Amino acid sequence: MLDKTADNGEFKYVGTRPQRPDGLDKVTGRARFGADMVMPGMLVGKVLRSPHAHAKIKSIDTSAAEALKGVKAVITADDFTIDVPEAEYDTMVNCIAHGKVLYDGHGVAAVAATSQAIANKALKLIKVDYEVLPHVTDVEEACKDDAPLLHDNIFTEGLDEAPTTPSNISGRVQFGHGDVEKGFADADTIVERKFRTEATHQGYIEPHACVGNLSADGTGELWCCTQGHFMVRNSCAAILGIDISRLRVTASEIGGGFGGKTTIFIEPIALALSRKAGRPVKVVMTRDEVFRATGPTSSASMWIKIGAKSDGTITAMEGLLKYQGGAFKGTWVSLGCMTAFACYRADHMKTVGYDVLVNRPRAAAYRAPGAPMAAFAVESVVTELAEKLGIDPLEFRLQNAAKEGDQSSYGPKHRAHGLIETLETAKAHAHYDVPLGPNQGRGIACGFWFNFGGETSTSLNIGADGTVNISVGTVDVGGSRASMCLMVAEELGVPYEKVRCVVADTSSLGHNDTTDGSRTTFASGMALILSARDAKQKLCARAAKIWEIPEEAVEWVDGHARPAGPNAGEFDPMSLAEIAGKAETTGGPIAGHHEYNARGAGVSFATHMVDTEVDPDTGRVTVLRYTVIQDAGKAVHPAYVEGQFQGGAVQGIGWAINEEYIYGEDGRLQNPGFLDYRIPVASDLPMIDTVIIENPNKGHPYGVRGVGETSIVPPMAAIANSVSAAVGVRLTELPMSPPRVLKAMDDAKA
Amino acid sequence: MSQIHVQTTINGDETEFLCDAEETLLDALRDKLGLTGAKEGCGTGDCGACSVTVDGRLVCSCLVLGAEAQGREITTIEGMANGDELHPLQQKFLDHAALQCGICTPGFLVAAKALLDHTPDPTETEVRYWLAGNLCRCTGYDKIIRAVMDTAAEMRGA
Amino acid sequence: MVKVNLWGSLKARAGGRNAIEVEAQTIRQMFRALGEEEPGLVPVLETGISVAIDGQIYRDDWFKEVDEDSEIYLLPRMEGG
Amino acid sequence: MRFEAPSTVEAAVSLLAAESGMARVLAGGTDLLVQMKSGMSEPDLVVDIKRIEALHEITEEDGGYRIGAAVPGICLGEHEGVKTAWPGVVEGTELIGSTQIQGRATMVGNLCNCSPAADSVPAMAAAGAVARVTGPDGTRDVPVEQIAAGPGKSNLAKGEMVESVFLPARPAHASDAYLRFIPRTEMDIAVVGCGVNLVFDQDGLCIEARVALGAVAARVFIVPDAAEALVGTQVDDAALDALAAACSAAATPIDDKRGTVEFRKKVAGVLARRAATIARDRAKGSA
């Protein structure tokens with residue numbers, strides 16, 4: 001599959017750093033995001049949300065709200081279809097509570113009115129009679145036998161014997177190989193520890209927003225900010241009981257997602273309100289709603305045990321992970337279990353995970369979902385074990401790093417990847433030798449993520465002037481349109497500026513999976529390369545017709561059709577523009593397309609290195625220096641690859657030091673705003689240095705691996721290792737906020 | 001209740017609009033005047049995505065009432081380029097890939113311009129503190145800071 | 001015959017086995033054969049599952065060929081951010 | 001809701017006094033608008049005082065400075081006179097929020113919002129600042145630490161507003177400092193705040209000290225024991241230890257989303273020590 005590599009110097013456009021196609025609109029304020037769309041006759045929609053963590057809805061009286069002048073529709077769970085497919089049922093119930101509210105912020109009812117003020121007033125007129133139930137928001141508490149039960153129809157899956165009583169533990173998973181007992185028996189030194197992490201939010205700056213317009217006959221359109229408009233279409237159609245073909249969804253520019261916009265929240269509500277009111281309805285979440293009702297991560301309680309021989313060989317690795325996924329079943333703990341030990345080789349590995357239900361919003365994906373917390377725990381123990389053995393933590397990682405052919409923690413043998421290169425690069429990096437001052441520490445950590453392929457459909461159309469339009473169905477979250485244009489320019493041999501990329505609506509392309517799993521540049525990129533090859537074949541055929549020679553006698557070289565050899569005839573090469581200009585007379589429009597379920601995604605590894613300083617009197621952690629080294633396979637647009645590395649690292653810094661969901665005794669979220677949900681600000685940070693490793697993925701024509709997610713996996717562990725080194729105490733809970741660090745230091749002194 | 005009639009200057013143009021007493025300047029700009037470049041990220045002055053200047057002072061337009069704009073001079077991201085000529089900051093943001101999703105970009109540009117108008121030769125620390133009220137979740141700020149520093153250097157040289 | 005390795009928690013559904021050998025040329029045939037051999041696996045196979053063949057992960061890809069030399073692991077369906 | 005923007009203090013006071021429902025003064029609006037958005041405050045009348053010219057002024061008076069209620073943080077920070085005389089008060093005010101917030105938020109607004117964590121108030125209290133309160137019954141001067149009755153509640157009567165704050169004349173060999181603790185470097189509410197104002201004699205002996213703490217009780221308050229620890233000393237290490245102990249002991253904080261009791265008590269002492277060191281060095285540097 002790998003057709004081009006950097007080594008043979010074949011790339012002309014891929015690997016350069018041109019201006020992005022959507023850049024001008026974004027620096028001038030013209031780019032249209034979710035909340036920027038206006039439709040004629042549009043109403044304002046607002047959602048009434050539960051003030052209780054757990055309560056039965058005894059009744060909802062909407063009559064006063066309906067009677068208010070300017071109110072055009074009020075909806076509750078009764079307005080949604082009953083026979084929703086199982087796969088979408090939880091999604092629907094998460095959008096609007098059915099019979100019971102499961103967390104503070106759970107949607108209960110919604111209104112559409114002629115103004116924001118009237119809509120807000122109407123919400124206050126809706127009378128909900130709640131029977132408040134006991135609640136649980138802590139993952140360990142929820143596992144106890146006497147914990148308040150969220151669902152009486154959930155029984156733990158994955159146990160050897162099917163349970164007979166319902167539980168907040170929705171499932172048990174297990175991965176691994178070998179026999180860890182034997183492995184630990186072979187170990188000379190063993191470290192085991194417990195860890196806790198608190199939930200974090202993706203923290204995108206753009207709140208969820210959409211405008212829906214649905215007619216009584218089930219024909220509709222929806223404009224929204226999402227990572228996957230095809231997913232939005234399919235889910236909304238299922239929940240509203242309408243045909244997929246009748247709903248056209250257009251993805252707006254998206255103001256950040258990081259996994260949090262891979263599901264729906266307000267979209268079916270806007271459409272249901274619109275259907276009832278007979279007018280378009282716009283719903284825009286407030287920041288408070290974003291925090292209370294949309295996708296945080298799991299919080300976790302973990303136990304990790306690793307043993308090694310005195311020569312530094314790891315003999316066994318074992319982990320127990322409990323992740324809460326909010327009020328609904330999730331799969332995040334599986335990913336934590338699979339990735340936890342993925343950076344290492346050991347004959348004996350075992351991870352057991354529990355998916356736990358609590359009265360919190362349904363956990364959504366967040367950049368390498370499930371992996372960062374596990375990595376925090378594992379990489380902390382790896383460093384501690386190395387220190388106990390008297391081996392440099394970086395050397396210890398090099399010694400035990402998983403290589404091609406080693407059996408992975410999640411099952412299959414590793415294929416070629418760049419983990420060792422990231423570690424070697426870290427060792428050789430200037431950062432590694434910077435001397436440290438008092439109260440300072442250096443930490444390193446490695447991270448792994450799978451990266452995905454998935455369903456993808458693209459098209460490519462050649463204009464009469466020789467310019468190229470490409471359409472993708474994967475939302476551009478961070479500059480992927482530039483990468484798409486680069487790959488098509490490379491393949492067709494036309495200048496980057498002659499290629500333009502749009503994210504097409506759901507009626508214009510075949511189904512596309514969501515922009516998630518670091519798949520877009522890989523999967524849409526490969527589909528476009530294949531679309532371009534399809535078009536090249538047609539361009540050659542047209543040239544053959546013009547020259548009146550057989551198709552096989554024409555080849556495509558450097559943006560031109562040429563006779564394939566001396567026997568093909570003497571013709572001057574024809575450019576793409578020349579052939580395109582004759583398209584009308586040679587058979588009509590020239591286009592290429594490709595639809596597939598992309599195979600061949602390449603995993604990605606990273607090593608992060610960080611220096612911190614801790615204020616010994618307040619426990620405050622300052623990040624002094626940070627370096628990200630990650631395998632990108634092939635960096636199509638290196639500036640945006642660096643951007644992914646830097647952005648992931650800084651999100652990880654936030655997770656490590658200050659970000660957390662804080663619940664009160666009443667089960668209500670205490671910090672639903674950017675004031676007290678503390679994401680890093682510019683003055684908190686140093687520059688984030690990056691090194692791009694290019695160990696090509698053999699599953700992609702140019703060697704591309706996904707890059708978006710791996711960068712959030714190592715930071716918390718790297719910072720924990722750094723802070724622990726600085727203060728001489730092992731930090732085992734996130735976030736490492738000042739009170740927690742100071743307490744750990746004081747406890748150690750006592 | 002009848003609405004308030006506000007006469008103001010926006011990006012050099014005399015403008016008038018009607019607004020409710022509790023309506024913010026941000027809502028007036030976006031909903032009444034179609035100037036959607038300023039974004040609402042939080043509504044509480046914590047993210048800076050709605051940054052504009054009022055009589056030359058950098059503010060969060062979500063924390064200004066529309067009625068307060070009476071007789072003031074407002075500038076927004078839409079007034080930053082001179083026709084088809086980008087402000088150097090806008091160009092540098094493109095050159096340095098200082099945006100990913102772009103939702104925070106208008107606010108950063110307006111805030112950074114206010115900084116350079118005020119301090120043409122800022123240190124990295126000054127840039128970071130000046131821009132601390134503008135949240136970016138995509139970039140880790142690295143390329144934004146570089147773009148601002150590079151613009152300042154170029155503008156001083158020009 | 002191809003050898004299909006199961007992840008830990010599937011063991012309980014597969015009569016305590018870690019791996020099952022079945023006759024199959026494609027992923028689809030493999031799923032069918034697994035279901036016939038161990039009906040307890042059917043619900044899991046139906047909810048969507050990934051397959052790693054020689055370390056490469058395939059999702060919803062019925063007609064990918066499998067052969068006797070392949071290293072095959074079933075994996076839960078994965079989602080990303 | 002009604003919006004009014006009178007041009008005199010008298011007109012503003014009449015409006016506030018005449019309103020039968022809830023009336024709120026709008027200066028920078030950086031607290032008021034947030035409260036309105038969240039539904040915490042639903043005023044019937046908002047009186048914008050920024051059209052009152054006099055309230056934008058910083059004037060010299062009896063060797064000190066009178067700062068109008070509509071002066072935003074950024075203007076205070078640009079005033080060389082106040083910065084030189086009361087650097088701690090200026091740095092406290094400048095710590096309120098981001099650059100954007102500084103373009104709007106006022107010291108008086110910060111005072112009248114009555115948050116125990118208000119950044120400008122401990123420094124003002126340490127400085128012995130006095131608020132000028134005007135209402136339907138005339139004008140009175142009130143020490144700033146007596147403006148707040150509790151979190152979000154003021155001692156102002158109906159129709160009253162604070163029109164200015166007076167910072168007294170700065171004696172020789174004296175200075176002040178304010179420090180707060182926040183988890184990030186910016187954009188947070190103080191977890192602990194401490195203002196220290198010191199006066200020394202010619203021999204470098206501390207003859208007067210005022211120390212105020214924020215965010216560790218229902219209101220910003222003066223710590224007399226802290227002053228006692230410093231007065232009569234060179235503000236050396238032993239005195240600073242006593243100061244820190246006094247501040248930690250005086251703090252009666254709560255556990256909340258911003259910090260624990262244990263943390264706040266300890267950090268109150270840490271900040272007091274650091275702020276006193278800065279104030280001492282400033283005072284001695286200026287001597």
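Here the structure is a predicted model, which is why all the values come from computation and not from measurement. Lettering of chains follows the sequences in order, A, B, ..., and the numbering in each one begins at 1.
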Open item on the list: Check whether B:Tyr129 reaches the backbone of A:Ala682 with its side chain - one donor and one acceptor, N or O, closer than 3.5 Å.
Closed with: no
Task: Between B:Gly34, B:Cys101, B:Cys136, the one whose heavy-atom pairs under 4.5 Å with chain A are most numerous - done: B:Cys101
Open item on the list: For A:Asp684, is there any backbone N or O sitting under 3.5 Å from a side-chain donor or acceptor partner on B:Arg128?
Closed with: no
TODO: Determine yes or no for a side-chain-to-main-chain donor-acceptor pair under 3.5 angstrom, with B:Gln90 supplying the side chain and A:Val27 the backbone.
DONE: yes
Task: Note, A:Phe258 side chain near B:Cys138 side chain (heavy atom, < 4.5 Å) - done: yes
Task: Any B:Arg30 side-chain heavy atom under 4.5 Å of A:Asp36 side chain - done: yes
TODO: Report yes if the side chains of A:Arg30 and B:Pro106 come closer than 4.5 Å at any heavy-atom pair, otherwise no.
DONE: no
- [ ] May I ask you to test the B:Thr139-A:Gln646 pair for a side-chain heavy-atom distance under 4.5 Å?
- [x] no
TODO: Output yes when A:Arg287 and B:Glu40 qualify as a salt bridge under the 4.0 Å nitrogen-oxygen rule, no when they do not.
DONE: no
- [ ] Using a 4.5 Å cut-off on heavy atoms from C-beta on, say whether the side chain of A:Met687 contacts that of B:Arg146.
- [x] yes
Task: Closest approach of B:Cys47 to A:Ile205 (non-hydrogen atoms, all atoms of both residues) - done: SG-CG2, 4.4 Å
Task: Ionic contact status for A:Glu253 with B:Lys39, cut-off 4.0 Å - done: no
- [ ] With the side chain counted from C-beta on, respond yes when A:Arg20 and B:Leu99 share a heavy-atom pair under 4.5 Å apart, and no when they do not.
- [x] yes
TODO: Report yes or no: does B:Asp46 contribute a side-chain atom to a donor-acceptor pair with the main-chain N or O of A:Phe674 at less than 3.5 Å?
DONE: no
TODO: Select one option (side chain, backbone, both, neither) describing which atoms of A:Ile254 are under 4.5 Å from chain B's heavy atoms.
DONE: backbone
Task: chain B contact via A:Val681 - side chain, backbone, both or neither, heavy atoms under 4.5 Å - done: both
